[in-house]
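A short write-up of the structure that comes next.
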2 protein chains.
Amino acid sequence: MDTLRYYERIGLIDAVERTATGQRRFTDDHLEWLGTLKCLRDTGMPVEQMCRFAHLVREGDHTIDDRIALLEAHRVAVDERMADLAAKRDYISGKIAYYRDVR
Amino acid sequence: MDTLRYYERIGLIDAVERTATGQRRFTDDHLEWLGTLKCLRDTGMPVEQMCRFAHLVREGDHTIDDRIALLEAHRVAVDERMADLAAKRDYISGKIAYYRDVR
DNA sequence: GTTTGCGTTGGAGTCCACTCCAAGTCCTAG
DNA sequence: CTAGGACTTGGAGTGGACTCCAACGCAAAC
């Protein structure tokens with residue numbers, strides 16, 4: 001919840017609808033958007049870049065190409081990260097094998 | 001360099017040999033250890049856990065089993081991270097495909 | 001031999017992304 | 001109807017991992 005409020009504050013989420021007494025009512029659209037945000041965040045996209053993406057989305061359909069470019073760049077980053085993790089995972093496996101040997 | 005000093009300060013690296021004038025002279029052993037540290041760090045191991053590992057290494061050979069356990073737990077974490085990244089990468093690919101469609 | 005630039009120190013500062021606080025209101029289960 | 005939990009606010013605080021600072025010494029290049 002705090003994180004949601006934080007995201008709302010920095011403009012990652014549009015101002016959310018409220019009940020008469022001021023409580024947030026998230027719509028399905030919001031939940032979907034939050035899912036996207038979570039995906040980007042969890043794959044290491046900095047909050048600032050997510051803001052840029054959110055801005056593009058808010059701007060309307062003429063930013064579709066920019067959004068594609070942004071997501072593609074991010075996908076490349078994710079791929080690189082996965083490759084790096086895979087290589088380092090192997091190094092760790094090697095260490096484990098080494099320790100098993102000397103034990 | 002600052003990071004190295006920081007690691008030395010918190011005990012991740014043994015006090016490094018110095019020249020007469022106080023400059024650090026890293027040995028091959030250090031470089032290898034630094035490689036290991038970098039690998040663990042880059043795969044998301046928190047500094048605190050790396051300290052625990054460094055401590056085990058310093059303790060001597062009777063900690064080999066503990067080290068294996070620690071590295072295996074970490075390898076599992078890395079595997080999970082990779083699986084998560086792969087799934088989310090696919091979601092991103094789906095988004096891109098969607099945008100390509102509506103463009 | 002002088003300039004350029006890397007190394008040294010302890011300690012303070014920075015950055016990112018939250019996360020918590022206090023004081024109050026509202027919603028829901030029993 | 002009441003108790004307990006969940007929500008509200010602006011703003012301050014946290015945690016992790018560095019990263020920078022000033023003032024200086026030393027080293028390597030020319």
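Chain naming here is simple, since letters A, B, ... match the order of the sequence lines and numbering starts at 1 in each.
- Atom CZ in R41(A) sits roughly 14 Å away from atom C1' in dT19(C) (whole-Å rounding).
- Annotation for Y98(B): atom OH does not count as buried by contact number, only 12 or fewer foreign heavy atoms lying within 6.0 Å.
- Taking atom CD1 of I10(B) as the reference point, atom P of dG16(D) lies 12 Å away to the nearest angstrom.
- Panel note: side chain S93(A), backbone R89(A); a donor-acceptor pair is recorded below 3.5 Å.
- A sub-4.0 Å separation between OP1 or OP2 of dC18(D) and a side-chain N or O of Y7(B) is present.
- The distance from atom CG of L4(A) to atom P of dT8(D) is 9 Å, rounded to the nearest whole Å.
- You'll find the side chain of H55(A) stays beyond 4.5 Å of the side chain of L12(A), heavy atoms only.
- OP1 or OP2 of dG7(C) has not a single side-chain nitrogen or oxygen of R24(B) nearer than 4.0 Å.
- Among dC18(D), dC26(C), dT8(C), the nucleotide with an atom closest to any side-chain atom of T21(A) is dC26(C).
- Among the nucleotides dT19(C), dA17(D), dA27(D), the one closest to the side chain of T3(A) is dT19(C).
- Across the protein-nucleic acid pair, M45(A) atom CE and dA17(C) atom P stand 11 Å apart, rounded to whole Å.
- Of all nucleotides listed (dC18(C), dG7(C), dT8(D)), dC18(C) comes nearest to the side chain of V47(A).
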Check nucleotides 10-15 of chain D against the protein and report each pair of N or O atoms closer than 3.5 Å, with its distance, or say if there are none.
{"residue": "dG10(D)", "atom": "O6", "partner": "R5(A)", "partner atom": "NH2", "Å": "2.9"}
{"residue": "dG11(D)", "atom": "N7", "partner": "R9(A)", "partner atom": "NH1", "Å": "3.2"}

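- Checked by atom type and distance alone, the side chain of R75(B) never pairs as donor or acceptor with a backbone atom of D79(B) at under 3.5 Å.
- Look at CG on L37(B): it is 13 Å from P on dA17(D), rounded to the nearest Å.
- Between the NZ atom of K38(B) and the C1' atom of dC18(D) there is a distance of 14 Å, given to the nearest Å.
- We find that CE of M1(A) is positioned 9 Å from C1' of dT8(D), with the value rounded to whole Å.
- Residue R25(A) is the one, among R25(A) and G44(B), whose nearest nucleotide of DNA chain D lies closer to the 5' end (criterion: closest heavy atom).
- Nearest heavy-atom pair, M50(A) versus L37(A), reported as atom, atom and distance to 0.1 Å: SD-O, 3.7 Å.
- Looking at heavy atoms from C-beta onward, T43(B) lies in side-chain contact with L85(A) at the 4.5 angstrom threshold.
- The OH atom of Y6(B) sits 14 Å away from the C1' atom of dG13(C) (whole-angstrom rounding).
- Under a 3.5 Å cut-off, the side chain of T27(A) and the backbone N or O of H30(A) do form a donor-acceptor pair.
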